[in-house]
Amino acid sequence: MDERTADVVILGAGPAGLVLANLLRRDGVDCVVLERADREHVQTRARAGFLAANSVRVLDRHGLSAGLHERGHTHHTCEFRTEEGRFRLDYSGLGLGEQHTVYPQQHLVTDLLAQFLDSGGQVRFGAEALAVHDADGERPSVSVREGDGTTTRWRARYVAGCDGRHGAARTALPPTTRYQHRDHQVSWLGLLVEAPPSLDAVGYAVHPRGFAGHMARTATTTRYYLQCERGTPADAWSEERIWEELDLRMGAQKYGPLHRGPVIQRTVVDLQSDLLEPLRHGSLLLAGDAASLLSPSAAKGANLAILEAELLAGALADDLLRADPRGLDTYSERCLPYIHRAQAFSRWMIDLLHGPEGRDPAPAPPRGWPRADLASLRDSRAEQDWFAEHYVGV
Ligand code: RFL
């Protein structure tokens, strides 16, 4: 078997792996990124779009933000709709006064990849990590199936598991790892539509037929969500039915028509969250979705991934270049408060946006009937400040 070495082997070329790779390379740490998919796939996978102010600060700090400042746009308003009425919150004037930058994840990933490769960084596409070995010890290794079908073994000082929820890093964790998982019993049909945004705000519609959401992506694409029954296949609804449901739930008749266009991507997301604790197991460190999964209800996953990647990069550089292990020793405990807050807020958003129908009837929503929450969000400045701080923050 072919053997190779790098000080840090990074599994996965998503936001977590690529921010980490860029920061390590800039610090002069020897690293390689192993990515299961091909480059085209990685650069076109449409997922997140809302970057928190802190994510932009991290990317600014490390010279990784030129693309998002050039092509992204800031966003600071959300609109809640029910059958009874609607209200808007300009969250840039609430809480900490922060706003989002809308920049599709696939564009960010494309930028991060280009910067890493241009600086001489090494990404092996089509290289699937099969297993992480000896994570307990000082010389972990990763067995990898390369694109041509051959198997290689990468030896490292550290392995960074940035390979998402179904990656190899999670399977290398010992049984002592604490695993918390929550199924929120809600499913969304996520749609990417080739049409300009229909409103200048994130739209959240709480409707007896289920939740509907509207999120800008670019001048010509918009993401919509429709709550659907668990188990609904992604292609079950015709485009006609999709637009009927969106019109109805978003109150298009009352509040204005939605810009229609072809649905260019559809996926069903079962809203779930989980956490593997601690985030470090010997020489294996987790970041991004590999460490904790968040439901997309509050748009936190990519933002946590960026935050954790920066913390991990600093800790690895301190250890490898300056023989200072403190950052790695405390990596997990420094990340956990951010994860806990993001998960708590995402849960709160799920309760806010969904009625009891479509949810598991067993655990009652902790905050009661969601419209009471909506009313206090509409009327209470204290509630609005709290919302804004958590909505944009990580
Ligand atoms: P990623 O992006 O999943 O990247 C992991 C990479 O690892 C590769 N991989 C492997 N490579 C080698 N060997 C293996 N064995 C491998 N197994 C997997 C994969 O091919 C992939 O390239 O994880 P990362 O970097 O942790 O980033 C996490 C984010 O992608 C995720 O949290 C967000 O997309 C979540 N999310 C959102 N987050 C936000 O902050 N704001 C949003 O607006 C937002 N919208 C969303 C979202 C997620 C969504 N879905 C699809 C669940 C909207 C949606 C619809």
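For ligands, and for the atoms within them, numbers begin at 1 and follow the listed sequence. Predicted model only: the values in this text are computed from it and were never measured.
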Polar contacts were defined as any N/O atom of the residue lying under 3.5 Å from an N/O atom of the ligand; does this apply to Gln105 and ligand 1? yes
So the atoms of ligand 1 within less than 4.0 Å of a heavy atom of Arg45 turn out to be 19 (C), 20 (O), 21 (C), 22 (O)
Check your understanding: Is the side chain of Asp27 donor-acceptor paired with the backbone N or O of Val29 at a distance under 3.5 Å, no angle test?
Key -> no
Near Ala168 (heavy-atom distance under 4.0 Å), the atoms of ligand 1 are 15 (N)
Do Thr77 and Asp90 have a side chain donor and acceptor closer than 3.5 Å?
-> no
Contact check: Thr267 vs ligand 1, nitrogen or oxygen atoms, below 3.5 angstrom: no
Which class fits the ring pair Trp243 and Tyr224: parallel under 30°, tilted 30 to 60°, perpendicular over 60°?
perpendicular
So for Tyr225 against ligand 1, with non-hydrogen atoms under 4.0 Å, the contacting part is side chain
* **Arg39 and Gln43: side chain donor to acceptor below 3.5 Å** => yes
TODO: Report yes or no: does Gln180 contribute a side-chain atom to a donor-acceptor pair with the main-chain N or O of Leu275 at less than 3.5 Å?
DONE: no
Counting from 1 in the order shown, the ligand 1 atoms closer than 4.0 Å to a non-hydrogen atom of Gly288 are 26 (O)
So the atoms of ligand 1 within less than 4.0 Å of a heavy atom of Gly167 turn out to be 17 (N)
Review point. Hey, does Pro296 come in under 3.5 Å of ligand 1, counting only N/O atoms on both sides?
Key: no
To the nearest 0.5 Å, atom CG of Leu130 lies from atom OG1 of Thr151 at 6.5 Å
In ligand 1, the atoms that come under 4.0 Å of a heavy atom of Gly49 are 42 (C), 43 (O)
Nearest non-hydrogen contact to atom 24 (P) of ligand 1 from the set Ala309, Gly12, Pro15 belongs to Pro15
Problem set entry | Backbone or side-chain N or O of Ala302 under 3.5 Å from ligand 1 N or O | yes
